[in-house]
Undergrad: 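Below is one structure. I have some questions about it.
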Amino acid sequence: MLCSKKTIDLVFEEGIRVKCYPFIAMVLPVQFEDSTPFKIVFSAPKKRFRKANKRNRIKRICREAVRLNKSELENYLTQHKQQLAVFLVYTGQEEIEHAPLHKKTVKLFNNIIQTLDEQKH
RNA sequence: AAGGCAAAUCGGUCUAUCGCUGCUUUGACUUAUGUUAAAGGAGAGGAAAGUCCGGGCAGCAAAGAGCGCCGUACUUCCUAACAGGAAGGUCUCAACACGUUGAGAACAGAAAGUGCCACAGAAAAUAUACCGCCUGAAUGUUCGCAUGAAGGUAAGGGUGAAAUGGUGACCACAUUUAAAAAGUGGCUUGGUAGUGUUUGCACUACAGAGGGUAAGAGCUCACCGGACUUCUGGUGACAGAAGUUGCAAGGUAAACCUUACGGGCUGAAAGACCAUGUAAACUCCGAUCUAGGAAUUGCUCGUUCCUGUAUCUCAGAUCAUCGGAGAGGGUAGGUUGAUUGACACUGUUGGUGACAUCAGUGCUAGAGAAAUGAUAGACAUCACGCUUGCGUGAGCACAGAACCCGGCUUAUGAUUUGCCUUUUUU
RNA sequence: UGUCCCAUGGUGUAAUUGGCAACACGUCUGGUUUUGGUCCAGAAGAGUCUAGGUUCGAGCCCUAGUGGGACAA
């Protein structure tokens with residue numbers, strides 16, 4: 001979980017934007033004090049999801065999807081000794097089912113790994 | 001069967017695995033704070049919502065006064081308190097079995113004062129105005145009458161949401177009766193319809209009216225309603241009975257207002273403690289001062305503070321010196337406030353009831369950019385199908401705690417009960 | 001978390017102390033012009049965010065809701 005307001009601002013100013021419907025992720029390699037490979041913020045826009053319980057629901061589903069599929073990204077980061085701040089925005093119009101959401105999450109992480117590789121070279 | 005209204009109840013249960021947030025215990029690291037691992041146990045609602053009322057709790061100030069401002073408004077009770085609730089009263093509406101039931105009520109005051117009441121209407125509020133009706137001096141006269149000073153009258157005047165309380169009052173006859181009431185006939189009077197017509201009216205029929213007067217009017221009488229007084233019942237709102245009085249002054253307070261009662265202001269981002277640590281910044285205290293200025297809850301008084309041959313200026317506004325004490329800024333600092341409470345459940349007693357007393361049992365989220373999710377299975381429940389006890393599907397709606405309680409309002413699924421409407425079948 | 005404000009034709013705004021919902025731009029039709037614009041004449045377009053109430057009568061007053069906006073940090 002990413003809580004520092006400064007790093008969040010930094011992510012928005014200098015981060016790389018990675019799109020994969022229904023997500024948009026802002027990614028920035030940074031140095032944390034502890035040894036976690038990456039920290040993440042979940043966000044659901046108030047404009048699309050009026051009711052508080054709908055927003056909570058979206059964020060919880062996203063959290064679950066990330067928890068189940070994060071191993072690949074973690075392995076990559078520990079191998080390359082990088083640390084990452086991620087700001088994840090859910091831009092879909094409606095809540096979607098679990099199986100497609102998991103596929104999309106995997107695809108998003110692959111995209112992030114690709115962009116990081118391109119940055120290096 | 002569907003829909004609507006009102007009331008009541010519930011808002012799924014259990015097991016396993018992974019994951020998240022606190023708590024407890026144990027182990028490891030660490031001087032300590034703390035970090036980390038394992039185990040145990042806990043983890044959203046009936047509305048958590050709207051923020052519409054009320055209270056607890058906290059700070060501010062002489063925790064002063066008056067005015068203003070805001071709120072409430074039939075009575076009694078409940079309550080920590082309330083614009084909430086209970087029981088009752090009055091009024092209005094609806095239903096019928098006609099004195100009961102149900103629903104609703106911002107239900108104090110219009111005789112303290114001010115304002116407003118469009119259009120229409122004579123008039124919208126002091127009925128001193130207008131039309132009309134009646135009496136009619138006088139003048140003219142074709143003696144039919146016409147004009148009309150002055151006076152009387154408030155019955156009538158098409159309107160309007162609303163017009164100054166409403167309805168009524170003849171005679172004779174025979175029958176009956178305590179009185180009355182009903183029947184028949186007659187005279188007068190206007191109305192409606194038809195026929196005739198010289199368009200003025202006449203006749204016929206129908207259902208009405210007939211105190212008094214010049215015409216009228218509570219002028220007189222009867223009934224209903226109102227007002228006042230007394231008595232009785234009720235804690236009270238109020239109800240009932242008796243008597244007196246012709247009855248005087250519409251509506252609107254969800255217009256201002258008056259009366260009574262209540263409200264000091266600000267909200268947990270309130271506040272308390274700890275850590276951090278030194279600039280002529282800021283805060284507090286004391287001294288110097290009496291006309292102005294400043295501060296406070298919107299204004300006034302009061303209170304407190306400041307004090308000059310000063311500076312800027314249209315109005316008007318700003319500001320002191322000395323001594324003493326405290327500490328500031330950043331780091332999304334930390335701990336607390338903060339969940340044992342006007343608490344919940346069960347029972348007893350009192351009360352018509354809201355509710356209260358007593359006893360027993362229980363501890364039930366406490367986060368802080370903010371935790372509840374996923375998977376699998378069983379059961380309760382619902383729908384469909386028929387093989388009638390199996391299969392398939394659903395397992396839902398409204399909706400997420402942020403200091404805490406009591407209400408109200410709004411959103412919404414299911415079940416039960418009562419009433420109403422529509423359709424189908426018998 | 002708390003406080004306050006607003007909602008009227010397609011658009012922007014009016015509506016006095018409650019009494020026929022008005023104006024401008026835009027739209028449509030006709031005229032003028034070779035055509036278009038300008039100009040002239042005319043027409044349509046709302047029942048005032050929703051639901052109740054007070055009143056003889058609500059855009060206006062009261063209550064509840066819906067949507068939008070502003071402020072405090």
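When reading the values below, keep in mind they use all heavy atoms of this one structure, side chains included, and skip hydrogens, waters and symmetry mates. Proteins get letters first, then strands, A, B, ... in listed order; numbering begins at 1 in each.
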Undergrad: Would you indicate whether the side-chain heavy atoms of A:Ile24 and A:Phe87 approach each other to under 4.5 Å?
TA: no
Undergrad: How long is the gap from CZ on A:Arg57 to NZ on A:Lys59, to the nearest 0.5 Å?
TA: 14.0 Å
Undergrad: Whom does B:C382 pair with, Watson-Crick or G-U wobble, provided both distances fall under 3.5 Å?
TA: B:G393
Undergrad: Scan every strand shown for a Watson-Crick or G-U wobble partner of B:U35, both distances under 3.5 Å, and answer none if you come up empty.
TA: B:A28
Undergrad: If I pick the C1' atom on C:U50 and the same atom on C:A7, what distance separates them, to the nearest angstrom?
TA: 12 Å
Undergrad: Should B:U229 form a Watson-Crick or G-U wobble pair with both distances under 3.5 Å, which nucleotide is its partner?
TA: B:A242
Undergrad: How many Å lie between CG on A:Leu101 and C1' on B:G373, as a whole number?
TA: 13 Å
Undergrad: Who does B:A103 pair with, Watson-Crick or G-U, both distances under 3.5 Å?
TA: B:U92
Undergrad: Could you check whether any side-chain heavy atom of A:Phe109 comes within less than 4.5 Å of a side-chain heavy atom of A:Val86, counting everything from C-beta outward?
TA: no
Undergrad: Taking the chi torsion of B:G326, is it syn (within 90° of 0) or anti (everything else)?
TA: anti
Undergrad: Between N or O atoms, less than 3.5 Å apart, protein on one side and nucleotides 374-376 of chain B on the other: list the pairs.
TA:
unit_1: B:A374; atom_1: OP1; unit_2: A:Arg57; atom_2: NH1; d: 2.9
unit_1: B:A374; atom_1: OP1; unit_2: A:Arg57; atom_2: NH2; d: 2.7

Undergrad: Could you tell me how far B:A249 sits from B:A163 if I compare only their P atoms? Round to whole Å.
TA: 15 Å
Undergrad: I want to verify the glycosidic state of C:G47; is it syn or anti under the 90° rule?
TA: syn
Undergrad: Find the partner of B:U204: check Watson-Crick (N1-N3 plus N6-O4 or O6-N4) and G-U wobble (N1-O2, O6-N3) distances, both under 3.5 Å, and reply none if neither fits.
TA: B:A193
Undergrad: To the nearest 0.5 angstrom, please state how far the NE2 atom of A:His102 sits from the CD1 atom of A:Ile61.
TA: 9.0 Å
Undergrad: P atom, B:A181 versus B:G211: distance in rounded Å?
TA: 16 Å
Undergrad: What is the distance from atom CG of A:Leu101 to atom CD of A:Glu64, rounded to the nearest 0.5 Å?
TA: 10.0 Å
Undergrad: Look through every strand shown and name the nucleotide pairing with B:A327 as Watson-Crick or G-U wobble, where both distances are under 3.5 Å.
TA: none
Undergrad: Rounding to a whole Å, what distance do you find between A:Asn56:CG and B:U21:P?
TA: 16 Å
Undergrad: Under a 3.5 Å cut-off for both distances, is C:C4 Watson-Crick or wobble paired, and to whom?
TA: C:G69
Undergrad: Are A:Leu108 and A:Ile113 connected into the same hydrophobic cluster when the rule is that any two of I, L, V, M, F, W, Y join if their side-chain heavy atoms are below 4.5 Å apart?
TA: yes
Undergrad: Both distances under 3.5 Å, Watson-Crick or G-U wobble: report the partner of B:U409, or none.
TA: B:A49
Undergrad: Look up atom CG in A:Asn111 and atom NZ in A:Lys104, then write down how far apart they are to the nearest 0.5 Å.
TA: 10.5 Å
Undergrad: Just confirming the chi classification of C:U13, syn or anti, using 90° around 0 as the syn window.
TA: anti
Undergrad: If I take atom CZ in residue A:Arg60 and atom P in nucleotide B:A371, what distance separates them, rounded to the nearest angstrom?
TA: 7 Å
Undergrad: If I take atom CG in residue A:Asn69 and atom C1' in nucleotide B:C18, what distance separates them, rounded to the nearest angstrom?
TA: 14 Å
Undergrad: Using atom C1' in both nucleotides, what's the gap between B:G89 and B:C238 to the nearest angstrom?
TA: 6 Å
Undergrad: Measuring from A:Arg63:CZ to A:Asn56:CG, what's the distance to the nearest 0.5 Å?
TA: 8.5 Å
Undergrad: Syn or anti: how is B:G240 classified when any glycosidic angle within 90° of 0 counts as syn?
TA: anti
Undergrad: Using atom NZ of A:Lys54 as one end and atom P of B:A399 as the other, report the distance to the nearest whole Å.
TA: 7 Å
Undergrad: Pick the P atom in B:G194 and in B:G152, then give their distance to the nearest Å.
TA: 47 Å
Undergrad: If we take the P atom in both C:U63 and B:C70, what is their distance in whole Å?
TA: 13 Å
Undergrad: Could you state the CZ-C1' distance from A:Arg55 to B:A370, rounded to the nearest angstrom?
TA: 13 Å
Undergrad: Take atom C1' in B:G166 and the same atom in B:A83, then report the distance between them in whole Å.
TA: 42 Å
Undergrad: Evaluate the criterion side chain to side chain donor-acceptor pair (under 3.5 Å) for residue pair A:Tyr76 and A:Asn110; output intermediate values, then yes/no.
TA: CA-CA 10 Å; A:Tyr76 174 84; A:Asn110 289 332; over 6 Å; no
Undergrad: Using atom C1' in both nucleotides, what's the gap between B:G212 and B:A222 to the nearest angstrom?
TA: 15 Å
Undergrad: Pick one for B:G144: is it syn, with its angle within 90° of 0, or anti?
TA: syn
